Amino acid sequence: MRFDEEFLARARANVDGFERRGVAVDGRKAAAVAVVLVPDEEGRACFLLTKRAPTLRAHTGQWALPGGRVDVGETPEQAALRELDEEVGLRLPVVFSSDHLGPLTPNPSEVARLYRVPFADLERPDLPRLVSIPESDRPVIQLPILGALIHAPTAAVIYQMLEVVARGRSTRVDHFEQPVWAWR
């Protein structure tokens with residue numbers, strides 16, 4: 001899958017055709033992530049994925065899309081843009097896509113490593129992997145990529161991005177569970 005005008009036009013049309021559904025926060029902490037579409041050195045369509053820094057207070061070493069908590073008075077879009085700038089030094093408007101990135105500068109206090117993951121890496125018969133856990137009747141979604149297992153909620157967002165952006169399917173992921181260690 002090439003990162004070109006055809007890919008971007010199809011991605012925009014697919015996202016525009018996807019019906020957004022809001023979810024009540026209900027006392028939980030609101031968060032926002034940036035799904036950033038970029039080319040790699042070979043011109044393949046990719047998305048940015050980070051490995052969280054080991055020095056963070058929570059969720060250290062976990063795989064994550066750039067993002068974080070929505071601060072008081074912020075919209076989710078503003079929070080995603082702020083976090084994208086704070087974490088990887090990338091300033092973009094909404095919708096997040098760019099073929100002229102310039103240097104990406106991961107913030108070492110938040111990001112241990114930054115990856116450009118080709119969409120082609122997600123085109124495998126073993127993706128997604130769904131597992132059962134005794135603590136929930138909902139399946140836990142996992143994505144075995146980059147030599148690791150990416151878990152929900154990041155895995156769910158990546159899977160939905162693949163389905164909506166690249167495949168044009170209106171796939172929902174709110175029925176997937178997170179692993180128990182992510183509940184803390």
Side-chain angles (χ1 to χ4, degrees), residues 1-26 28-40 44-52 59 62-68 70 75-77 79-81 83-84 92-98 115-133 135-183:
M1 190 176 303
R2 306 295 307 160
F3 188 90
D4 55 20
E5 283 304 317
E6 180 182 333
F7 168 77
L8 289 174
R10 188 174 66 249
R12 283 185 196 103
N14 291 344
V15 170
D16 287 346
F18 183 73
E19 181 186 345
R20 184 185 181 283
R21 290 192 314 209
V23 177
V25 176
D26 294 333
R28 294 173 292 194
K29 297 173 186 166
V33 297
V35 175
V36 184
L37 308 178
V38 296
D40 66 5
R44 297 177 297 180
C46 299
F47 63 94
L48 296 181
L49 183 66
T50 68
K51 181 92 167 171
R52 292 176 53 89
H59 308 293
Q62 290 182 10
W63 297 95
L65 296 164
V70 176
T75 65
E77 294 83 3
L81 288 169
E83 290 283 347
L84 182 63
L92 293 175
V94 176
V95 162
F96 306 139
S97 71
S98 178
Y115 298 85
R116 293 183 195 195
V117 181
F119 276 80
D121 288 3
L122 302 176
E123 296 291 349
R124 300 183 0 214
D126 63 334
L127 294 178
R129 183 186 305 177
L130 302 177
V131 297
S132 298
I133 58 173
E135 295 85 356
S136 178
D137 59 353
R138 301 185 309 157
V140 174
I141 185 171
Q142 301 173 335
L143 297 177
I145 58 174
L146 299 174
L149 277 180
I150 313 296
H151 298 276
T154 300
V157 175
I158 292 170
Y159 179 66
Q160 186 174 44
M161 176 214 36
L162 173 68
E163 288 286 288
V164 173
V165 171
R167 296 177 175 160
R169 299 177 186 156
S170 290
T171 300
R172 301 289 175 183
V173 296
D174 55 352
H175 63 285
F176 290 130
E177 184 62 85
Q178 300 178 66
V180 174
W181 50 260
W183 298 358

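If you're wondering where the values come from, they're calculated on a predicted model, not measured in any experiment.
Arg116 places no side-chain N or O within 3.5 Å of a backbone atom of Cys46 that could act as its donor or acceptor partner. A distance-only check finds a donor-acceptor pair linking the side chain of Thr154 to the backbone of Trp63 [under 3.5 Å]. For the pair Ser170 (side chain) and Phe18 (backbone), a donor-acceptor distance under 3.5 Å is absent.
A salt bridge is defined here as a Lys NZ or Arg NE, NH1 or NH2 lying under 4.0 Å from an Asp or Glu carboxylate O, and Arg167 with Glu123 meets this definition. For the pair Asp126 and Arg124, the salt-bridge criterion is met [side-chain N within less than 4.0 Å of a carboxylate O].
Inter-residue side-chain proximity for Glu163 and Arg172 is flagged as unmet; no heavy-atom pair is nearer than 4.5 Å. At least one side-chain heavy atom of Gln62 sits under 4.5 Å from a side-chain heavy atom of Trp181. Two residues are said to be in side-chain contact when any heavy atoms from C-beta on lie closer than 4.5 Å; Val70 and Val25 fail this criterion. Looking at heavy atoms from C-beta onward, Leu122 lies in side-chain contact with Phe47 at the 4.5 angstrom threshold. When side chains are defined from C-beta on, Gln178 counts as touching Pro153, because their heavy atoms get closer than 4.5 Å. Using a 4.5 Å heavy-atom cutoff, the side chains of Pro179 and Ile133 are not in contact.
The distance from the OG1 atom of Thr171 to the CE atom of Met161 is 12.0 Å, given to the nearest 0.5 Å. Expressed to the nearest 0.5 Å, how far CG of Asn14 lies from CZ of Arg12 amounts to 11.5 Å.
Residues Leu143 and Ala155 share a closest heavy-atom pair of CD1-O, 3.6 Å. Residue Glu83 comes nearest to Gly68 through the heavy atom pair CG-N, 3.5 Å, listed as atom of the first residue, atom of the second, then distance. Annotation for His59 and Ala182: closest pair CE1-O, 4.3 Å, computed over non-hydrogen atoms. Nearest heavy atoms, Ser136 versus Glu177: OG-OE1, 2.8 Å. Of all the heavy atoms in Ala80 and Ala32, the pair that sits closest is N-CB, 4.0 Å.
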- Leu49 vs Ile158, side-chain contact (heavy atoms from CB on, under 4.5 Å): CA-CA, chis, key distance, verdict: CA-CA 9 Å; Leu49 183 66; Ile158 292 170; 3.9 Å; yes

- Message: Please evaluate residues Tyr159 and Leu127 with respect to the criterion side-chain contact (heavy atoms from CB on, under 4.5 Å), reporting the C-alpha separation (whole Å), side-chain torsions for both, the decisive distance (0.1 Å), and the verdict.
- Response: CA-CA 9 Å; Tyr159 179 66; Leu127 294 178; over 6 Å; no

- Query: Would Met1 and Arg44 count as a side-chain contact (heavy atoms from CB on, under 4.5 Å) if you check the C-alpha gap in whole Å, the side-chain angles of each, and the deciding distance to 0.1 Å?
  - Reply: CA-CA 6 Å; Met1 190 176 303; Arg44 297 177 297 180; over 6 Å; no

- Message: Leu48 vs Leu65, test: side-chain contact (heavy atoms from CB on, under 4.5 Å). Steps then yes/no.
- Response: CA-CA 7 Å; Leu48 296 181; Leu65 296 164; over 6 Å; no

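Ring geometry for Phe119 versus Phe7: interplanar angle over 60°, hence perpendicular rather than tilted (30 to 60°).
The side-chain contact (heavy atoms from CB on, under 4.5 Å) test with Val157 singles out one residue from Val173, Leu162, Ile141, Val33, and that residue is Val33.
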